[in-house]
Structure formats: C-alpha cells, structure tokens
Amino acid sequence: MKVIQARSIRKVLDHSTLILFAAIVITFGFLSSQFFTFQNLSNILIQSSSLAIIATGMTFVLLTAGIDLSVGSTMFLAGVVSAKMVAWGSPLWLACVTVLLVGTLYGLVNAFFIYRFKIIPFIVTLATFYVGRGFGLFLSETRAMNLPEGFLKIGSVSILGIPFPVLVLGVVILSAHLALSKTQFGRQIYAVGNNAEKARKAGMPVDRILLSVYLICGFCAALGGLVAIAQLGAVSPTFGKQSEFMAIAAAILGGTSLFGGKGNVFPGTLIGAVTIQSIQNGLVIVNANPYLYPLITGAVIFLIVLIDSLRHMQEVKSRRLGASF
Amino acid sequence: MLLELKEIKKSFGQVRVLKGVSFTLEAGKVLGLVGENGAGKSTLMNILGGIHKPSSGEVFLEGKAFAPQGPTVSLNSGIALIHQELNLFPNLTVFENLFVKNFPRKSVAGIKLIDRRAAIFRAKELLEQVGLDIEPDRIVESLSPAQRQLLEIAKALSSSPRIIIFDEPTTALTRHESRRLFSLINDLRSNGIGMIYISHNLEDVISLSDDIAVLRDGEFINGYTKGGGYSLGSIIRDMVGRDMDQFFPDRDNIPRTDHLLEVKNLGMAPIVNGVSFVAKKGEVLGFYGLVGAGRSEVARCIYGLDSFEYGEVLWNGMRVKTLNPAAWISRGVAFLTEDRREEGLLLDQSIEKNVALASLGSFASAFLRRIKRKDINSAAKKKAEATRVKCDSFDGQATSTLSGGNQQKIVLAKWLLTDPKLLILDEPTKGIDVGAKHDIYELVNELVGNGSSVLLISSELEELLGMCDRILVMNRGRISAEFAKDVFNREAILESALHVMEEAIGA
Amino acid sequence: SQEKNGPVIGISFETLQAEYWVASLESIKAECERNGASYIESVADGDANRQFEQVSNFISRRVDGIIIAPKDAHTVIPIIKAANKANIPIAIYNRVPVENSGEYITVVADNYEIAKSAVDHMGRIAREKGGEYKAMILIGDLGDINAINRRKGFEDALVEYSDIVELVAEVPTEWNQEKALAGVTNALQANPDINFIFSSSDFLFPSIVSALKNLDKYHPVGHEDHVLLGGFDGDAMAYKMLMEGYLDVDGVQDVHFECVEAVQSIFDMIEGKEANMRIRDPGFVIHQGNIDEFAGRMWGADFASE
Amino acid sequence: MIAQLKEHYQKSDNSILYLCVLYYIVMSFITPGFFSLGNNWNLLFNLMPLVIVSIGQTCVMLTGGIDLSITSTIALSSVVGASFMSSDSGLGFNPSVSTFIGIGVMLVVGAAIGLVNGVAVTKLGMPAFMVTLTTMMFFSGFAVWLTESQNIYNLPDSFLRISSMSMRDVPIPVVAALGVMLIAYFILNTTVIGEWIYAVGLNVKVARISGVNVDGTIISCYVFCGVCAALGAVLYTSRLETGSPIMGQNILLDVIGAVVIGGTSLFGGKGKVKWTLFGVLFISLLDNGLNLIGLSYFLIMIVKGLVILFAAILNVLKERPSLAS
Ligand SMILES: Nc1ncnc2c1ncn2[C@@H]1O[C@H](COP(=O)(O)OP(=O)(O)OP(=O)(O)O)[C@@H](O)[C@H]1O
Ligand SMILES: Nc1ncnc2c1ncn2[C@@H]1O[C@H](COP(=O)(O)OP(=O)(O)OP(=O)(O)O)[C@@H](O)[C@H]1O
Ligand SMILES: [Mg+2]
Ligand SMILES: [Mg+2]
C-alpha cells in the first residue's frame, strides 16, 4: 500500500517542472481572464525568446562544467554594432550577419584563453565581461541608440502565423536539441562535462569541444541580442546587463547542473526561460504591487526548484532500484 | 613480432617510476604482467595507450617505431586499453559509453545523426560477448562496479583492436564472470589478437598466459614462458623479493557467542529481500555471492548510505535508530566501500589527510575541537606504513598519483585508524598484490585478536575460505546458505551462490 | 583628460544609465575645459559605497573641486563631510541632500514638481478632449529616489483628475528597456483600452513605441486612436517625438543651465569668490502648444541633431 | 640571486600578491596622488568590508557552493539594523544601547538568511546557485518593500563612529577584518570542522561515509557567510551614515571575482584565507588605481578586464611554464 502510494507520488513528481509551469499559468489564469488569451500566451513566448536563446547557448557551456559571464556584454556589443552599422548605411542583413560573426568571435576569444592558457572560464569570461561592455560603451559613446524601422519590422513580422522571434527560438531550440541528443558531438559534450580528464583519456577531442561550446554560446548571445533589439528598436547602455544571471538561472531551472554533464535544452532550458517570463508577465497582467515583484518571483522560483529537487531525491532512490520501473 | 618495448623509462618530476623495461608481445599470445603495487605496470600500459609519453626508450608496433601522440592514435593503431580505474561516463547510457568515440551514424538531410537503433543492436552484441545482461539504454550511474567492469571490457572490444591490454579486469568480478572473461580471452587469442594481462591473481595469470613478465620497482626482473618450468612460489619471490611462507596467516582466536551486530529481515525490493544475520564478537563473517547478489547493498543499508523499506538493525542487542555513517563511526563501526575512487578517497588530498579523515574527532581537543596535528599525523603515517603503502611522501603527494593498489591501502588505513569494533570490508583486497594482501590479512587477524569483528564481503572464495569463521552466501538478495568454518565446502558454496539464480531465471 | 596646470575637478556620477546623465556629464566636462580646468571622472554603477570610495580617492588625490551626482540624498552626507574636512569645494548635482549641515553647492531640478506639472498638463489635455482615460505609468528602479519622486509626482497630479483618469497599470522597469517592453506589452494585453501613458524617463520611449506599434496604436496627436503620452527628461528621442507630433507632454530638466551654473559656482569657490550655493533649475514642461518657444532649450535637441 | 627569487616565485602561492606589489609600484609612478598617505588609508578602508564579505564567501565556495545572496543580506541587515537604531523609529533606546542592539540585529539577520540558504541546500537538496539567486531576489525585494525605497538615517553617533574609531590606534574596520580573517584561518586550518569543510568540497560522498557531518558543515558555512555579509553591512552602513535598501547591490561580482582570482576553486575543496585577501587586494587596487588615473568610464572597464586577464595568464604561466610556447 505504502509502496503504491509512493510510486504514484513519484509518477506525478516526475513531470514537476512542467506541472509547476502549468500551475503558474493556471493561477494567473484564475486571477485574470486576460492571461489565458492566445495573444498573451504568444506574447509570453515572444518575450522569452531572447532569454531562451541565450540560455540555450549557456546550457552548452554549463554542460561542460564551464560558465560564461560575458553573454550580457556580447548582447550589448551585438546591439551597438548593428546600430552603428545601420547608421553608417549598411543594409540590414549585412548588419545582422556581422553581429552574429562578432558574437561568435567573442566566443572564440573566450575559448582561446580558456583552452590555450587553461585559465578557468569564470575568470576569462569575467574579464571579457568588462572588456565587452567597456568596448560597447566606447562605440556607443555611452548613449542610447535608436534603430531604424527595419529592425522593428523584423521583430514584429510573422511567418505562417508564427511571430519571427518565436520562429528563431524554435529553430535554435530544435537544432540545439538535435545537436545535444542526436549527434556524437553532443554526447561528447556530456562526457567532457562529466570528466574532462577521462574524456581526454578516451581520446575525445576535448579542446575542440570546449572551443565549440563557447563559440555556440557567443553566437547564441549575439542572436538573442538581435532578437531583443528587433523587438525594442533601441539599445541603451544597460542593454543585456544581468542577462548572464538570468540565462544561467533559466538553464539551471530547467535542470542543468552547474557542475557539468547534466541537463538538456528541450524541454529543460526552454521551460526554464518561459517559466521566468510567465511570472513577470502574469504579475503585470494582474497589476500586482510593483514592490512585490521580486518577492513573488523569488518565492515562486524557489518553490519550483524545491519541488524539483525533492523529485530528484526520489528519482535517485528509484534509479538505484534498477530499471524495473 | 606484434609489439616490442625497448628500454622504456618514465619519471614524474623527481620520481622515477620505470627504469628501463623491455619485453615483446606476439600475435595470438597472452603476456601476463605481474608485480607489486606501484611497480609501474599501469604506467607502462598508459604509455602504450598514448596517455603518457615515455621519458626515453622506444616502442615498435609490427616492427615500425610507434610513438603515440595521444589516446586516439593508439586506438587507431589497434591498441585497446582497459583501464584499471574505469574510464566510463556515469551520466551517459551503456550504449553511449560504448560508442562515444565513434557512434554508428546515419545521414539525415546531410547531417550525421546517431543511428540509435544500430547502436543499440551493436551494443547488445558486445554486451553478450562479455556476458553482461543489461539494457543498453540504462544509465551507467545505476550499474554496480562489476557491471561497469564488464562494460569497460565490452568497450575495448568495440573498436576491433589487434592488441588488448587488460589492467586488472577481474577485481570487481566474481569467479563466474571471470571464467566467462577467460573463455573470451581464449577466443580472442585464437583470432590472432595479442593481449597483455595484468592481475594480482597469480593463478589466473599462470593459467591464461603464454608468457609472463615480472616487474619490480620499475625494473624488468624476470620472464617466463609456458612450459618453461616455473611455479607460483618463484613468481612471488621475483615480485616481492622475499619468500612467503603461509598465504593465509593463522588465527587462534575463537569467536565469542554474544551478538555484536544483528540484522533482522532487512529488505529493499528488489535488491535485498529479507536478510537476517548475526555478527558475533571476535568473528570474521564472510559474504559470498555473484555480481548483483546484493551483498554490498546489505552493508550500505546497514551503514545508512542507502535507505531500505523494512527491517531493523541491532547493535549490542539494542535497536539502532539513527543509521548514518557519523553515528556508526562513533559506535566504532567502519565501512570500506567497494568503490574507492568515488567513495573512499579525496583524490586531490594528501595521504595523511585521507587517512586522518574518519578519525579527526578522536584526535581533537574538547574545547573548540582543535586538531592535534602532530598526534594524528604520526598515527596516520603509522597506519599507512602498516598497510605497506608505497609512496614518495605522506603529506605532499596527492592520492590520485598513487597506484591503484596503494590507493586501496590508503582507504584501509583510514578505517583501521578509527580502531573499529566492527569493520565492514567490501572487496578489501581488490587490486592489491600478494605481499600486501598477506599483510592485510595479518592486520585483520590482529584486529580480531583484540576482540573486534570483521564483516568480509568478497568475490574471492579463496580469501573467504582462508579468513572467515563463517560464510554466508547471498543470492538474489537473499541469504541462501550458511557455512561454518569446520564444514567449509567449495562446491557447496558455489552451488548455493549459483543454484537459486538459475531457478529464478528459469521461472 | 590632458594634464594642464589649471585646477583639477573630480566628477563622480552615480550612473550613466540614462541619456540625461550622459548629457550632464558631457556638459560638465565641456564647461570644465572651457574654464581651463582638467578633470577626472568616475561612475559608481548605482553603488553608494563605491561612490563614497571614489570620492575619497579624489580627495586623497587632492583635486581642487568635486562635482557629484550622488546616489541619493542620504548617502551623500558623509561624502560632503569628507570634502568639507579636506577643504575641497563640492557641488551636488541633481539631488538635494537631506541635511543642511556642511558647505556645498546644490543644483537641482525638482523631479517631483516637474513630473507633477507634466502629468498635470496631460490631465488638462485629457479633460479638454473629454472622455474616460485608463492610465499606465512606467516606474523606474524602486531603489532610485528620482524614480520614486517621479512616481509620486505622477500620482499626486492624477488626484485632481480622478474623475476621468483611472490608473490601471504600474509597470516596474528597473530602468531596463527590455523589461519595459515586456511590461508595456503585457499591460496593454491586460488592459487594451489604456490610452494615457506616462514614462518616468524618456529613455524608455523606444519600448513604449515598439509595443504600441505592434498593436497598431502608435498615432500622432489628433488621430482618433492616439494614446496620450507623457515623459520626463527631455532627451533626443522625446525631442523627435515632439517634433513629429507623437508626444504630448515632456517634463524637461535644463541640463545646460544646471551644468554651467554648477561649474561656475565651483570655480567661484575655488577662487574664494562669493558663489551661488543653491542653484535651482525650474525645469519646464514642453508640449505641443509651446514647442516653438521651448524646443531650443531641450538638451535632447542637441543630441538629436548630432 | 635572481635565480633564487625566481625559484621562490615559482614555488610560492602568493603570486597574486606579487602582482599587486608590481601594480602598486607601477601605479605610484604614473598616477598622481596614488602613492600618498591619504590614498593608502583609502585603500585600506575600501578593502576591509570587502575582505570580510569575501572571507565568508570563500568558506561557502570551499564546500562547493556559492552565495549570491550576500548583496541582499547586506541590504536587508542594513535597513533592519538601521531602523532599530534610528532615532526616527522611536524605539527610544539610549544611543549606545541601541548601537549594540542594532549591530546584534544586523548579525542575526545575516545569520538567518545564511541559515535559510544552508538548510535549503542541504536538507532540501537544492542547487546552491538557485537557492541563493532566489533568496537574493526575495530579500533585496523585501528590503526595498519594507522601507518603500526610503533610506533610514539619523543613526546614533556611537554607531557612526565605528568606521572612524580606533582601538589602540588600529581603526575598527581593520580590527574587524583582521578578526574575521583570524577566525576563518583558525577554523579552516586547526579545527575538525575546517578539515570537514575541505572534505565536503572535495567529495561529498567520501566525506559523508567518513563520518563528516555534511549538512552541519555546509549550513555553518552559509551562516558564517551571512554573518560576514552582515558585518560588512555594519561597516558600510556606518560609513554612509544611512541604512539603504539597495546597499551593496553591485559588489557581488567583485566579491566572487576576488575570491576566484585569489585561487579558490568554484567547485570546492581548494582555497585559502590568504588567497582571498590577495584577491580582494588585487580588485581594490585595480579599482583605486583606475579611478585615480582619470580614464573615462568605458576605458576603465576595458582596462579592468584586460588586467584581470593578464593576471590570470601570468599566474597560469607560473604554474605551467610549458604553456608559454
Ligand atoms: N602522476 C604521477 N606523479 C607521481 N607519481 C606517480 C604518478 N603516476 C604514478 N606515479 C607513481 O608511479 C608508481 C607506479 O604506479 P603504477 O600505477 O604504474 O603502479 P602499478 O604497477 O600499476 O600498481 P598497482 O598494482 O597498484 O596498480 C607509483 O608509485 C605511483 O605513485
Ligand atoms: N552504486 C550503485 N548504484 C546503483 N545501483 C547499484 C549500485 N551498486 C549496485 N547496484 C545495483 O544493485 C544490485 C545489487 O548490487 P550489489 O552491489 O549489492 O551486489 P553485490 O553482491 O555486492 O555484487 P557486486 O558488488 O559484485 O556487483 C545490482 O543489480 C546493481 O545493479
Ligand atoms: Mg596499476
Ligand atoms: Mg559488491
């Protein structure tokens, strides 16, 4: 009897992140009829797209037990560079391509120091965090920059009824998910994250893998930056600040471990990002007291993590019992 | 000549590990490599595997000079190395571990994706070869050490190598799986594959090998060929540099009748199913069983490392409520687990600190719990020496740089230092050389002679027969038989370990 | 800064987050140079402690004068004490210290008053036009005293118009454009009939405009679906929106005036002359009715033309 | 002679200290006012609170955790303590009594937040990053909400004097920092719990099996970290003469950066009190020098990043000269 009960509890807990996400949505749905409209749900997706894209890149890095503090600066650089280029009269597509290159290059710089000099990722990306923002501020003369109409159009266009940011997000998540779960490269990322020394002993191209995750992270940061400014139409000096924390939070909320080797982009990171955004969205929709925002956000995320870790404890227990159920 | 080593030398910093070793390996032959802990066997093999570069000396592969720049090069040249410290990724599944270097792939829209179906199919074949009956998509974290060992062997086979190096492949295996492995080795031999077989189980080495090479302190001491007339005794003499009289030292102590530890109807389905037993004071109680029989799990449940569903544990006749390691240690119970790297050692820490870890409390002042450094360090050093650890320094060297057997000794020393009333040993002589084994048996005898008890879980029946006052046999999570010292019977023990198993499979 | 023989001024800004601060800093630096002084600058990133440390560093370097845009009205007090103790003239830019002890120059535009009159003007327009209004305010960082004062000015101004204007959404932005965009979008989602928006800073306008455009609600003044817009600061974006006829009202701080006066007073003090210790920038409210008169005085106008 | 120095340098683990000395000498030459009594006092005073907070963080990081909530601890204990002490609050204690009570309350707040973090990490098995991220959101939001963004002032003189008073010619902040360092050093190097902290950080499983009270050890570290943060808040609050709900908001990266640059591992088990002292010294010197040199805002950022990177490279090359080629 007790066993059966324990099992059914376990079953429910198995999908805790999803269930909690649903719980949040339903709660807000009760509090405001506006929350459940199609338009609003699509808004949530659009609003989380930038964060989710960046968090996807971050997930790759976290999986190798690394960290990238410089994504916010990369975003900012991306914004500044694109604004500058368009202001100098370059066509939109060229600006976008350049920005993505800049992001990738930024990742390359991180990767270079990490794998050439074996400096720990935290310090390298802390340094590039400062350098990137400083350089962006230099380019922008510490001023807000407005982008031409064209950018906003990209941000608000829909293809086959799917808003552009969501489309980009979909493509990113899908390819990241495929790469991580269905390719050799992806599985080797998990191996390296578990134990780089063992991976090297097994003859895996550890350096190349590390290199590529930072490239991917830089690319995603730039892309996330582009998606964000395409919605905003402007870049301010604080653009992208704290994004690194939110990206890491989204990934970890989705079950990725800071210690490497554990986690996934889909559904993990995606749910993480969307959950964070739904809370923000719901609070505005129900017109909550602005002072309560951080309190509620903090408490709700705490609760989610709590329930998830309780489930995890259960899981460890049942895993030891073998694959019998 | 498949492989030839010439005057290989290797130093780590100031430490000279290999001092010029030469030998050859022919196709379709098995070379047995033996030597004391820390003699340099693993180091030598790591050189062949491309993990270390030799300081000097040459290697010839099929007559051509061979200087691998990395593990991949070795692997591609057909050398597969089964590491002593398993090189598996516990966060991946079984089949992913098998193919993580080279998955079967299929092209989808120009992108190479893992062909999961082919991988699983191939994985099943490989697993069957080594006699491992598990689902290929099981996560390796959930495997027992024995299962992991077999998986590691399957992994080596997956690259279709010409040379396979086994570095102590049977430490986690029972006879049953070992035999299976030996027949596999014989098959491979007849397919013309050259193998190097390292083990401290000298009988195995003798029965398997065509040639035997003995290392001592990084030097090649002696070589034997099959039919060349040699004995176990001469090999041991070459290894340890002295004669050894009796392998299992005598103990003249008779267990008392009072119960020290009593376990009643302990269970956690499906691994442990209602286990009851008693350990008496001054007794060495043995546990025998096949892989996955649940011996380790019983000990883990008792010690509070894993939780169980029903049953109770009595200590000195009193029911124990708090089952956790700290509480057990304060009662005087120590538990040497079978996984030394994950559960036994702080690999980055020095020998001294590792040995001291479990006894800090008893070497600390009552006020502020300050550690009496001098006392604890000298006590730790003494214990480490008693287990005959071979190392360069007790306080400077990280335990990760010790040889496998020496690491095992450190863990043992750690638990001996707590001066336990009951010592639970799970595969304590795993990877330990004959000489040191002998020393450890003496340490156990000394402990028991002082009135303590020992719970000895082992897959080496010889060891149990030689050491125990009683042997319990486990089978599918149950205790299937009990044997007292005067009625020890090898066949009967094996029978009761195997028998029900087959019945259960048949059912 | 080039080393000259003239006096050295230490300039410490709490933040450069909004264009207003950048314009102020630039303006002060230009004034210093015009007066033949060199300067060292520092930005504290919103951290009162760091600002304290930075000013202490200035003092130990023995600068000749200090101009500081402090984090808030309280934490500036120990800074003033330290400057006074070292006998270095100090000017407090944009915020009034709570206490009147010590010797310092203040230059302030009253955030509360300017915000209040700007919103008051919005109310007047609303009343003239007639109809019911649903209002939204974008609040700044709740840890920022200016954001609080502007919000208070907004609320107090609305009291008089409570019969026609109802506040339905308060969007916290933490002075972050992305948060603002998401917040405005969400608020408009919850209350599609919002037609009265006040932004606590002009630099959040890109977010508002973007959100409105997405819903096809961004129209010039006079259009039947025009959403009444009000802002604060007077930056380039606001200037453009005013000129193009999209923005109704903006509360403006007279940056140029403030900076010139501040630097002048500091120099007077350095030279031992009688200085104007309490400089008050009355600010002004600009709207479609007085564009011609005031547009030239908007600091954003210079920025917009660059 | 030079060879001897070189060998000493290669062997010692004080390389960050040497870098600091080098930086100090260089700066003394190129920056007016840098090498002056006043500036050295500044350096010392700026250093002290940061040292205290970083030492606490070091202990947490030694266990393999991280405490992102120190900033909110500082803010909350600042306002709570200040409101107990402020003559405006009308509690009406006499000034020196209220100073005592105020400081006590602040430390209790710090300990309480630490306790929440520690319990969530151990008993509930939640990842430290997420726990402390959410408590950071919650408690800093709480501080702002509690005060409705208002600062609290009119603190008793006896409290304000803390930051300027001396004990036998040694300023109180210095005494406090020395005290914290000594306590931390004593605990980490001579006591059982110190050994346990390292053991937990190196391998939780091994530690638990070896009889280490893992949960107790980790919880004590978080509590210690909270108390240290609160002590930092005492110094900061007294210096600014104000209880502020956003106090210390931006020092998080400085603190973690200093600890990591000092050499403490993010993954636990490796770190020293003196390393952290050097790391903090490095960060403070860097800020101080760049502040005085008169660079513009963005240049300061760029240079800061580059110097961090440079220091890291030097450090790595020292340990592994082979990487130079
Ligand atoms: N990285 C290293 N640094 C210093 N010493 C090392 C290092 N690696 C190995 N050693 C030393 O080299 C010696 C040989 O080790 P090795 O692992 O080859 O022994 P082994 O013969 O395999 O022993 P065992 O039977 O116990 O496995 C040991 O004394 C060990 O301490
Ligand atoms: N560390 C572990 N994690 C998860 N499951 C385990 C672990 N160790 C063992 N198991 C599982 O528990 C079952 C019983 O294993 P246990 O280790 O108790 O048996 P054993 O008799 O000690 O045999 P051996 O140790 O030789 O495998 C096995 O089926 C195994 O899959
Ligand atoms: Mg070995
Ligand atoms: Mg076992």
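Each chain gets a letter, A, B and so on, in the order the sequences are listed, and its residues count up from 1. Quick caveat: nothing in here was measured; it's all calculated off a predicted structure.
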**Q.** Under 4.5 Å from a heavy atom of chain A, the part of S140(D) involved
**A.** neither
Q) So which residues of residues 124-133 of chain A are in contact with chain D at a heavy-atom cut-off of under 4.5 Å? A) V124(A), L126(A), A127(A), F129(A), Y130(A), V131(A), R133(A)
**Q.** Spacing of L137(A) atom CG and M301(D) atom CE [to the nearest 0.5 Å]
**A.** 6.0 Å
Q: Tell me, for L68(D) versus chain A, whether the close heavy atoms (under 4.5 Å) come from the side chain, the backbone, both or neither.
A: side chain
Q: Enumerate by number any residue of residues 60-67 of chain A whose heavy atoms lie under 4.5 Å from heavy atoms of chain D; in the absence of such residues, state 'none'.
A: A65(A)
Q: Given side-chain contact (heavy atoms from CB on, under 4.5 Å), test L139(A) with F298(D) step by step and report yes or no.
A: CA-CA 9 Å; L139(A) 281 182; F298(D) 55 84; over 6 Å; no
**Q.** Audit row: L299(D), F138(A), side-chain contact (heavy atoms from CB on, under 4.5 Å) steps and yes/no
**A.** CA-CA 8 Å; L299(D) 267 181; F138(A) 163 71; over 6 Å; no
(Q) Show the nearest heavy-atom pair for residues P127(D) and I252(A), with the distance to one decimal. (A) CG-CG2, 4.2 Å
Q) If every non-hydrogen atom of G125(D) is compared with every non-hydrogen atom of S309(A), which pair is closest and at what distance? A) O-CB, 3.3 Å
Q: Quick one: pull up CZ in F302(A) and CG in L124(D) and give me the separation to the nearest 0.5 Å.
A: 6.0 Å
Q. Does any heavy atom of chain A fall under 4.5 Å from the side chain of L252(D), the backbone, both, or neither of them?
A. side chain
Q. Side chain, backbone, both or neither: which part of F310(D) has a non-hydrogen atom closer than 4.5 Å to chain A?
A. neither
Q: List the atom of F129(D), the atom of A249(A), and the distance in Å for their closest heavy-atom pair.
A: CE2-N, 4.2 Å
Q: Using the side-chain contact (heavy atoms from CB on, under 4.5 Å) rule, take I120(A) and F267(D) through it: C-alpha gap first, then chi angles, then the decisive distance, then the call.
A: CA-CA 11 Å; I120(A) 59 170; F267(D) 299 106; over 6 Å; no
Q: State the CG-CD1 distance between L133(D) and I248(A), to the nearest 0.5 angstrom.
A: 9.0 Å
Q: Test V305(A) against V131(D) for side-chain contact (heavy atoms from CB on, under 4.5 Å), laying out the working first.
A: CA-CA 8 Å; V305(A) 181; V131(D) 169; 5.6 Å; no
Q) Picking from I66(D), I256(D), V303(D), V307(D), which has the most non-hydrogen pairs under 4.5 angstrom with chain A? A) I256(D)
Q.
So, taking the atom named CZ in F122(A) and the one named CD1 in I261(D), what distance separates them when rounded to the nearest 0.5 Å?
A. 8.0 Å
Q | Interatomic spacing from CD1 in I304(A) to CE in M126(D) - rounded to 0.5 Å | A | 10.0 Å
Q) Looking at V316(D) and I119(A), what are the two nearest heavy atoms and their distance? A) CG2-CG1, 3.9 Å
